[in-house]
*Asks:* 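One structure, as structure tokens, below. Some questions next.
Values reported hereafter were calculated over all heavy atoms of this structure, with side chains retained and with hydrogens, waters and symmetry mates removed.
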Amino acid sequence: MTSHATEVDLESLLRRALQATGTEARWTTDADEMWCRLTCLSGIQRRQGWKLHVSATAASAPEVLVRAMDVLLREDAAFKFVRSLEQVSALNSRATPRGSSGKFITVYPPSDGAAARIAMELHRATAGLPGPRILSDQPYAPRSLVHYRYGAFVGRRRLSDEGLLVWFIEDPDGNPVEDKRTGQYSPPAWAVSPFPASVPLPPEQEKAAGKPVLLGGRFSVREAIRHTNKGGVYRGTDVTTGAPVVIKEARPHVEGDRSGSDVRDWLRTEARTLEKLKHTGLAPELLATFETGGHLFLALEEVPGVPLRNWVAERFRDVGSERYRAEALEQVALLVDLVAAAHACGCVLRDFTPANVMVRPDGELRLIDLELAVLEDDIALPTQVGTPGFSAPERLADAPVSPTADYYSLGATVCFVLAGKVPNLLPEEPADRTEEQRFADWLDACAGTLGLPEGLREMILGLMKDDPGERWDPDRARTALRAADPSWTARPTPAPARTAESARTAESDDATQLAVIGMVNHLVESMTPADQGRLWPVSTLAGETDPCTVQQGAAGVLAVLTRYFELTGDPRLPDLLRTAGHWIVDRTDTRSIRPGLHFGGRGIAWALYDAGRAVDDRALTDHASALALAPLERTPSYDITHGCAGSGLAAAHLWQRSGDPRLAELVVDAADRLAAAAQSEPSGVSWPVPAEAVSKEAGKRYLGFAHGTAGIGCFLLAAAAVSRRVEHMELAVAAGEHLVANAVMVGQTAQWPAQATDVPTAPYWCHGSAGIGSFLVRLWQQTGDKRYVDLARGAAHAVVERASRAAVAQCHGLAGNGDFLLDMADATGDPAYRAMAEDVARLIVCERAHRDSHVVFPNEYGDVSTSWSDGAAGILAFLLRTRHTTDSRHWMAQVPG
């Protein structure tokens with residue numbers, strides 16, 4: 001490798017190459033935060049075709065770029081490259097999605113012939129240099145840095161049937177086809193490859209192709225446990241003994257550093273650790289290490305059982321809180337002993353988490369995934385890799401190896417076992433509160449449902465102290481366990497008998513008020529009306545929707561800020577609401593709209609109409625009315641989020657607000673369609689996902705609010721109030737009966753599966769108890785049938801019992817659960833439910849992070865988002881209801897009593 005390998009400014013290499021070749025006049029360049037792009041002035045620009053990717057490591061990237069430019073600057077093909085070595089390292093990290101990892105240079109050839117020629121020249125130019133395999137592509141040749149795939153050259157996106165924006169290409173007839181960017185090479189059937197014969201597939205793709213896989217001449221691959229960028233983990237069989245095995249794979253150059261170390265070195269370290277722990281019963285027995293095609297594999301005995309992370313969720317779900325308490329305390333004692341035993345063997349674990357502990361069928365624990373563990377006489381690999389929430393802060397900052405970091409991880413894991421999660425405490429700016437203080441506040445907020453005895457609380461906090469030197473060791477943790485009040489294990493979940501007033505303290509009131517103010521500040525100051533793509537920043541890790549929708553777009557935020565203005569009269573908001581409303585108007589077409597409330601056009605119309613009324617803007621209300629009356633695109637969905645039930649619910653709300661009889665007709669039409677589509681069940685009715693829907697969903701019969709029976713039933717209650725037709729009410733009752741028949745009672749809690757044949761799911765709005773209870777309590781109000789309210793009370797118990805385990809959002813978390821508890825308080829008049837909601841609000845507020853005058857919260861992925869479903873808008877909506885007792889629930893049409 002030449003001296004270019006030490007060069008850190010990749011763009012300076014480009015400038016030198018352009019000057020050396022005298023080609024500056026042929027190329028235009030532009031750059032963003034990630035990419036430097038070059039376009040040849042004489043080049044042909046295509047919208048799709050065979051494109052090339054060239055991989056590199058952080059160490060080889062400068063040389064790869066120099067050699068690639070020797071080829072590319074003579075061609076007419078547009079190309080781009082990653083701007084910095086830090087970003088190259090990020091592309092090659094183990095956390096990078098498999099569909100995008102390794103793509104240092106991307107080339108857009110003007111023809112298939114040019115693609116084949118450029119690929120050959122790039123392969124020759126970069127031969128012998130290191131770089132990872134790009135999993136979404138086909139390598140040009142064995143060990144080549146050059147890869148190819150058929151895909152889009154120009155970013156074109158459309159909405160899928162699920163309402164998510166997806167990249168697309170066109171087939172030969174001009175029909176849109178999703179351009180899937182996964183970790184597997186999968187070209188369209190009609191795209192003819194211009195490249196030489198293919199090279200061997202990696203193990204998981206061999207398995208997917210139906211080919212038998214035998215690794216190391218001894219281990220047959222049966223199935224994949226998981227795939228990550230660093231490599232797969234497989235279940236298999238040792239053909240020499242017939243014993244079940246686990247095979248771990250480490251791909252070359254993933255997490256590579258400037259010295260050339262990568263995840264293969266992690267796997268070698270794990271092998272040495274397993275050899276050290278051989279016959280101790282602490283970890284699986286090592287069987288073999290071997291290399292195939294540059295990939296390193298480690299084979300070890302398969303430990304029967306389930307990861308501790310799964311055990312916690314499944315046991316709590318199946319046995320209820322009382323029995324779980326006793327089992328959890330036994331598990332804590334075993335965890336303390338496990339860490340102490342590993343340290344006694346001279347092993348510092350460095351990644352002790354619920355995912356890296358197996359619970360055997362006999363109840364014993366085993367350590368797994370010891371790739372970051374360090375032996376006392378071994379050389380430590382980089383320590384900045386770990387598991388957020390479980391790794392000690394100093395370890396993620398490259399502190400020296402120390403057993404005290406494992407004490408922190410032990411405390412976090414104990415917390416996970418007892419409370420069901422570890423809070424995601426985002427960094428604060430400025431950091432006025434210590435992590436220790438913030439964690440203690442959250443743990444105290446869990447007291448209502450956990451009721452931890454003081455000894456266990458102090459043990460968790462002692463193990464997780466910010467100062468490594470002050471952390472408790474396992475011996476001290478054992479002493480605290482022995483002293484813990486044994487009656488805790490038999491104590492039922494505290495029944496919230498307090499009134500709403502007694503649940504509120506001055507301190508929690510102040511914290512909630514500060515959170516509300518800070519969230520509003522964040523929403524006000526993060527709005528970017530000049531941005532053509534997004535009005536507010538959102539997380540897209542779970543997929544990206546239309547930028548105007550309720551679920552993840554501007555309508556969700558607009559609705560909550562409208563409500564805040566109506567409640568407080570904040571003078572900043574009228575102009576902001578008008579600006580946001582007209583931004584949406586400019587991006588919504590009244591000729592036709594997608595169905596659904598959260599992903600569709602009528603949900604957008606709902607938000608626009610209410611905003612227009614609040615600020616007296618006739619243009620907004622007129623556009624909202626036109627949008628609500630626009631023809632619906634054909635849909636295979638019946639549900640609230642994507643289908644005709646959601647469209648009908650929005651029409652019901654808008655009819656109540658405007659009195660427009662055309663909207664009442666739309667409500668009745670939607671109810672009639674649902675009546676025609678209802679499928680009889682032994683216990684009532686359901687609405688299977690139609691066959692023309694996305695194939696993986698077709699035929700499913702969901703029970704929950706977002707996608708199934710509960711949400712549809714809730715709309716039918718509203719429709720019956722509009723139509724005054726008994727068949728609509730009878731259909732809502734039949735939906736309720738189906739939910740009654742499929743309830744699962746564990747102690748006092750009522751749970752439901754996502755589908756009747758599944759195990760019970762988490763008690764969230766989307767599929768679980770909070771959403772189903774929201775319908776049942778309304779059905780009770782209309783019918784007086786006590787069975788419905790009794791199950792709704794059971795759903796409330798499920799929500800409270802699992803409060804410490806939940807994320808903070810609306811769709812899958814505490815905000816949606818808290819809104820249900822407030823519904824229960826309003827419907828029953830029982831102040832205990834408002835007290836429960838206050839406890840939920842306190843739990844949410846404890847996970848806030850201050851960013852100067854802003855307050856933000858983490859979503860399920862640890863991102864900051866403003867959206868309704870997983871971000872600030874949905875959380876703010878609930879917190880406002882806890883402070884303003886006259887505030888009604890968003891996205892629920894009011895049914896006259």
*Asks:* Can you find a heavy atom in the side chain of S683 that is under 4.5 Å from one in the side chain of E737?
*Replies:* no
*Asks:* Would you say that T512 contacts E838 through its side chain, given a criterion of any heavy-atom pair below 4.5 Å between the two side chains?
*Replies:* no
*Asks:* Restricting to non-hydrogen atoms, name the atom on T761 and the atom on A754 that form the minimum distance, rounded to 0.1 Å.
*Replies:* CG2-N, 4.1 Å
*Asks:* Determine whether the side chains of Y638 and R673 contain a donor N or O and an acceptor N or O closer than 3.5 Å.
*Replies:* no
*Asks:* Just verifying a value: how many Å separate I875 CD1 and L880 CG, rounded to the nearest 0.5 Å?
*Replies:* 12.0 Å
*Asks:* When rounded to the nearest 0.5 angstrom, what distance separates CD in Q551 from NE2 in H642?
*Replies:* 7.5 Å
*Asks:* Do we get R657 above Y609's six-membered ring, with its NZ or CZ under 6.0 Å from the centre and within 45° of the axis?
*Replies:* no
*Asks:* Which atom pairs, donor and acceptor, lie under 3.5 Å between side-chain atoms of residues 559-566 and protein residues at least two apart or in another chain?
*Replies:*
residue : atom : partner : partner atom : Å
T562    : OG1  : L558    : O            : 2.8
R563    : NH1  : D887    : OD1          : 2.4
R563    : NH1  : S888    : O            : 2.7

*Asks:* In terms of side-chain geometry, is the basic nitrogen of R156 or D179 positioned less than 4.0 Å from the acidic oxygen of its partner?
*Replies:* no
*Asks:* Do E178 and F168 have side-chain heavy atoms sitting under 4.5 Å apart?
*Replies:* no
*Asks:* Would you please indicate if the ring centroids of H890 and W765 are separated by under 6.0 Å?
*Replies:* no
*Asks:* Can you confirm whether L649 sits close enough to I640 that some side-chain heavy atom of one is under 4.5 Å from a side-chain heavy atom of the other?
*Replies:* yes
*Asks:* Is the shortest heavy-atom distance from the side chain of L791 to the side chain of I772 under 4.5 Å?
*Replies:* no
*Asks:* Residues two or more places apart in sequence or in another chain: which of them pass side-chain hydrogen bond (donor to acceptor under 3.5 Å, both in side chains) with D546?
*Replies:* none
*Asks:* Could you tell me whether the side chains of R889 and S774 share a donor-acceptor contact shorter than 3.5 Å?
*Replies:* yes
*Asks:* Quick one: does Q656's side chain have a donor or acceptor within less than 3.5 Å of a partner on Q894's backbone?
*Replies:* yes
*Asks:* Has W891 got a side-chain atom pairing as donor or acceptor with G556's backbone, closer than 3.5 angstrom?
*Replies:* no
*Asks:* Any side-chain heavy atom of P595 within less than 4.5 Å of one from C644?
*Replies:* no
*Asks:* Where is the tightest heavy-atom contact between A555 and I584, given as atom of each residue plus distance?
*Replies:* N-CD1, 4.0 Å
*Asks:* Using 0.5 Å steps for rounding, measure from the CG atom of L703 to the NE2 atom of H738.
*Replies:* 5.0 Å
*Asks:* Under 3.5 Å, is there a donor-acceptor pair between the H598 and S869 side chains?
*Replies:* no
*Asks:* Do R881 and D826 have side-chain heavy atoms sitting under 4.5 Å apart?
*Replies:* yes
*Asks:* Is a donor on one side and an acceptor on the other found under 3.5 Å between the side chain of Q751 and the backbone of P760?
*Replies:* no
*Asks:* Does W536 use its side chain to pair, donor to acceptor, with the backbone of L523 at less than 3.5 Å?
*Replies:* yes
*Asks:* Output yes when K700 and D758 qualify as a salt bridge under the 4.0 Å nitrogen-oxygen rule, no when they do not.
*Replies:* no
*Asks:* Taking atom types as modelled, is there a side-chain donor on Q810 or Y764 under 3.5 Å from an acceptor on the other?
*Replies:* no
*Asks:* Can you find a heavy atom in the side chain of M729 that is under 4.5 Å from one in the side chain of L717?
*Replies:* yes
*Asks:* Counting only N and O atoms by type, is there a donor-acceptor contact under 3.5 Å from the side chain of S867 to the main-chain atoms of S539?
*Replies:* no
*Asks:* Assess the side chains of H623 and T590: does a donor N or O sit below 3.5 Å from an acceptor N or O?
*Replies:* no
*Asks:* Could you check whether any side-chain N or O of S637 sits under 3.5 Å from a backbone N or O of D639, counting only pairs where one atom can act as donor and the other as acceptor?
*Replies:* no
